[in-house]
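Structure, as structure tokens:
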Number of protein chains: 2
Amino acid sequence: MTSGLRERQKIDRSNRILDVARDRFQSEGYDAVTIESIAADANVSAVTVYNYYGTKANLLLALVKESDERLIAQLRALTESLPLDIREAVAEFGQIMRRHAMTYLTKRTWREVIASSILQGGRQFGQTYQALDRVLIGIMADIMVIYQQQGSLTPEIEAAGFADTLFEMQNIRFFQFVSDDDQGEATADQIFRRDVWAIFATKQVYHHSEIRT
Amino acid sequence: MTSGLRERQKIDRSNRILDVARDRFQSEGYDAVTIESIAADANVSAVTVYNYYGTKANLLLALVKESDERLIAQLRALTESLPLDIREAVAEFGQIMRRHAMTYLTKRTWREVIASSILQGGRQFGQTYQALDRVLIGIMADIMVIYQQQGSLTPEIEAAGFADTLFEMQNIRFFQFVSDDDQGEATADQIFRRDVWAIFATKQVYHHSEIRT
DNA sequence: TAAGAAACTTTAGTCACTAAAAATATAAGT
DNA sequence: ACTTATATTTTTAGTGACTAAAGTTTCTTA
């Protein structure tokens with residue numbers, strides 16, 4: 001653990017690249033910025049950028065990752081003050097994710113991120129994305145457990161698996177939201193709500209001994 | 001509507017391009033084939049290929065579309081001989097789609113198709129994909145209506161919306177399936193089944209006056 | 001048949017990305 | 001300190017998707 005010079009230089013270089021990329025993507029937009037120009041600004045060669053981040057989209061992904069903690073914090077905050085209706089909780093979960101996403105990148109750029117993460121297919125760099133997903137699914141699972149404990153979600157359902165289902169439903173609606181420049185956040189919210197209400201229909205526990213035929 | 005020479009030539013050219021692309025993609029694989037070489041074989045310039053199909057991935061998409069009718073036929077066949085359990089029907093729907101997909105393209109190539117259709121974001125060429133989706137959702141909706149009519153799915157649910165939800169759920173599981181080279185069809189089937197069983201929990205109509213508390 | 005329009009080809013270029021060789025700087029051994 | 005080994009980066013050269021614009025061919029139509 002000597003943390004030699006070589007090691008420090010690597011960290012420094014990767015930070016420089018990230019710093020430059022953040023600034024330029026922000027001010028000029030993803031497409032307008034070339035890897036070559038990022039490399040120049042960061043005082044490395046273009047090949048070095050590729051060695052560090054693999055692809056242009058991955059560089060973007062590394063940037064996105066920086067905001068992960070904030071997103072996780074927001075979702076954990078939701079866990080602290082959950083609405084009475086479990087469906088509202090899930091809908092809000094989706095809304096938080098959508099809003100968060102839109103504050104960091106444009107739809108155009110999100111498409112780039114999603115497309116490249118599909119292309120990479122879980123390999124090498126592509127795993128960054130998956131790691132976050134797992135954490136988020138975990139939070140969703142926690143929420144399900146809470147509703148089960150307070151008796152408003154039937155305990156027959158396996159929380160983790162169900163959380164995964166809900167999360168992926170939210171995920172594909174996000175893909176669609178991002179793929180359609182005309183779809184506003186309000187519409188996206190409506191669509192996901194419809195999903196959630198359909199999925200939860202009669203899945204809640206009714207306390208006043210209701211009868212179904 | 002004279003169907004002039006010019007028009008016929010265009011059709012002929014686009015067919016030639018598609019024919020060559022089909023053969024080469026099939027025998028050499030998507031990545032190994034260059035647009036330039038397709039153009040050469042089809043006796044047009046590369047730019048003409050771009051003018052006709054926009055991108056390489058779109059050329060692929062045009063090929064995929066050829067098998068659409070077969071897929072639609074298979075799903076309609078399912079509609080004719082539905083299982084008793086609605087959940088089995090939905091699971092089978094997913095299985096048919098997965099199997100069909102795998103007979104035409106490799107996972108690697110599907111990733112390419114999906115990624116590019118996300119990138120294009122519903123614009124121009126990208127709509128091809130959406131058109132098929134709408135048809136498939138329609139079939140799923142038909143299936144839901146049938147179960148409602150025969151009294152095994154609660155009529156409170158709006159069939160079209162619910163079909164959309166189920167279809168998209170299947171869709172994202174397909175994305176995941178294709179993104180993970182290690183995920184076999186059996187696993188994919190299991191995962192989607194878990195989704196479907198969770199979604200349908202208590203959504204069916206129980207004929208023998210069961211009671212829930 | 002000649003003007004006009006449509007469609008194609010050529011040309012030139014940008015950019016992401018890759019492989020391999022060459023250069024350079026750090027680490028390690030003496 | 002000095003040399004050798006090694007890690008890492010840069011240079012070089014190239015492929016291939018994709019685009020814009022100018023030039024050329026070919027069909028259409030008056």
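By convention in this document, chain letters (A, B, ...) are assigned in the order of the sequence lines, proteins followed by strands, and residues within each chain are numbered from 1. Side chains included, hydrogens not; waters and symmetry mates left out as well; all remaining heavy atoms used.
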Task: Electrostatic pair B/Asp19-B/Arg22, nearest N-O below 4.0 angstrom - done: yes
- [ ] Grab the two heavy atoms, one from B/Ser37 and one from B/Val33, that are nearest each other, plus how far apart they are.
- [x] OG-CG1, 3.9 Å
Task: Nucleic acid contacts of residues 18-26 of chain A, taken as heavy-atom distances under 4.0 Å to DNA chain D - done: none
Open item on the list: Using a 3.5 Å distance criterion without hydrogens, assess whether the side chain of B/Arg87 forms a donor-acceptor pair with backbone atoms of B/Trp197.
Closed with: no
Task: A/Glu185, CD atom: more than 12 neighbouring heavy atoms under 6.0 Å - done: yes
Open item on the list: Once you measure the plane-to-plane angle for A/Phe25 and A/Tyr30, does it fall in the parallel (<30°), tilted (30-60°) or perpendicular (>60°) bin?
Closed with: tilted
- [ ] Go through the structure and list residues passing side chain to side chain contact (heavy atoms under 4.5 Å, CB included) with A/Glu158, not counting sequence neighbours.
- [x] A/Ala160
Task: Between D/dC18 (P) and B/Ile38 (CD1): distance, integer Å - done: 11 Å
Task: Atom-pair distance (OH on B/Tyr53; P on D/dC18), nearest Å - done: 15 Å
- [ ] Grab the CD-C1' distance between B/Glu7 and D/dT26 for me, whole Å please.
- [x] 16 Å
TODO: Anything under 4.0 Å to a heavy atom of chain A counts; send over the first and last such nucleotide of DNA chain C, read 5' to 3'.
DONE: C/dC15 to C/dA27
Open item on the list: Under the rule for side chain to side chain donor-acceptor pair (under 3.5 Å), what residues qualify as partners of B/Glu112, not counting sequence neighbours?
Closed with: B/Arg108
Open item on the list: Give me each pair satisfying side-chain hydrogen bond (donor to acceptor under 3.5 Å, both in side chains) with a member in residues 69-81 of chain B, each pair once, sequence neighbours excluded.
Closed with: B/Arg70-B/Tyr104
Open item on the list: I'd like to compare against my own output: the B/S/- annotation of nucleotides 3-15 of chain D with a strict under-4.0 Å heavy-atom distance to protein.
Closed with: ---BBSSBB----
Task: B/Asp181/B/Lys107 ion pair, N-O < 4.0 Å - done: no
Open item on the list: Assess, by modelled atom type and distance only, whether the side chains of B/Gln9 and B/Arg6 contain a donor and an acceptor separated by less than 3.5 Å.
Closed with: no
